[in-house]
Novice: 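Just dropping this structure here.
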Amino acid sequence: MAISTKYFALPTLIGAGLTLAACGGAGNNEAIYEEFAKSCASSFATEGGSGEMAKAICDCTADEMRAQEMGPLDMIDQEKTTAIGEKCAAEFMSGDAMDASGEEAAPAE
């Protein structure tokens, strides 16, 4: 399945918009990451993607954004966000995805 960049664009705009709309909420990036992962997974489902794939890729993308300490203005950079999402998708598709414990996940059948 080809991963479309639209999976990452809409959640990025939603997450960034929610944060920018929240007065004084710019410091609460955790809410942005959670909303991104939720919106991303919803977009995958709408487009017919599997729940397992959506969760893995969207959680990976949100985790990478968290690791890079991306804020709402960083997340509006669709090129940067899409590159992160595509990296996570490639890892998932190649079977290199890691589970929460850091152990290599079993390849999808």
Side-chain angles (χ1 to χ4, degrees):
M1 172 182 177
I3 304 300
S4 171
T5 58
K6 66 183 166 186
Y7 292 130
F8 307 108
L10 179 62
T12 299
L13 294 176
I14 290 171
L18 288 173
T19 301
L20 292 173
C23 181
N28 185 8
N29 289 345
E30 191 57 39
I32 301 170
Y33 307 133
E34 290 174 16
E35 185 60 34
F36 174 87
K38 201 167 32 172
S39 296
C40 176
S42 176
S43 293
F44 262 91
T46 299
E47 295 296 322
S50 75
E52 176 189 1
M53 178 185 287
K55 179 161 179 35
I57 294 172
C58 294
D59 286 353
C60 171
T61 303
D63 289 346
E64 185 63 29
M65 290 175 175
R66 185 179 290 112
Q68 293 184 24
E69 297 180 354
M70 290 175 68
L73 296 178
D74 299 316
M75 293 176 74
I76 292 173
D77 182 345
Q78 187 174 346
E79 243 180 72
K80 187 173 190 174
T81 304
T82 299
I84 293 169
E86 288 174 345
K87 175 182 171 263
C88 288
E91 288 174 2
F92 177 84
M93 300 303 271
S94 71
D96 291 338
M98 299 287 202
D99 67 18
S101 69
E103 297 293 319
E104 189 168 332
E109 294 183 25

Novice: Looking at every heavy atom in both Tyr33 and Met65, which two are closest together, and how far apart are they?
Specialist: OH-O, 3.7 Å
Novice: I want to check something: taking the side chain as every heavy atom from C-beta on, are Ile84 and Gln68 in contact at a cut-off of under 4.5 Å?
Specialist: yes
Novice: Checking the side chain of Asp77 only, and the main-chain atoms of Asp74 only, is there a donor and an acceptor separated by less than 3.5 Å?
Specialist: no
Novice: Going by heavy atoms in the side chains, are Ile57 and Cys40 under 4.5 Å from each other?
Specialist: no
Novice: On a heavy-atom basis, which atom in Ala37 and which in Asp59 lie closest, and how many Å separate them?
Specialist: CB-OD1, 3.8 Å
Novice: Supply the atom-to-atom distance Arg66 CZ to Ile32 CD1, rounded to the nearest 0.5 angstrom.
Specialist: 11.0 Å
Novice: Does any N or O in the side chain of Thr82 come within less than 3.5 Å of the main-chain N or O of Glu79, such that one atom is a donor and the other an acceptor?
Specialist: no
Novice: Grab the two heavy atoms, one from Phe92 and one from Glu52, that are nearest each other, plus how far apart they are.
Specialist: CE1-O, 4.3 Å
Novice: With the threshold set at 4.0 Å, does a side-chain nitrogen-carboxylate oxygen contact exist between Lys38 and Glu34?
Specialist: no
Novice: Cys58 versus Phe44: any side-chain heavy-atom pair under 4.5 Å?
Specialist: yes
Novice: Is any side-chain heavy atom of Glu64 closer than 4.5 Å to one of Met70?
Specialist: no
Novice: Heavy atoms only: give me the nearest Thr61-Cys88 pair and the separation to one decimal.
Specialist: N-SG, 3.4 Å
Novice: Is any side-chain heavy atom of Gln78 less than 4.5 Å from a side-chain heavy atom of Thr81?
Specialist: no
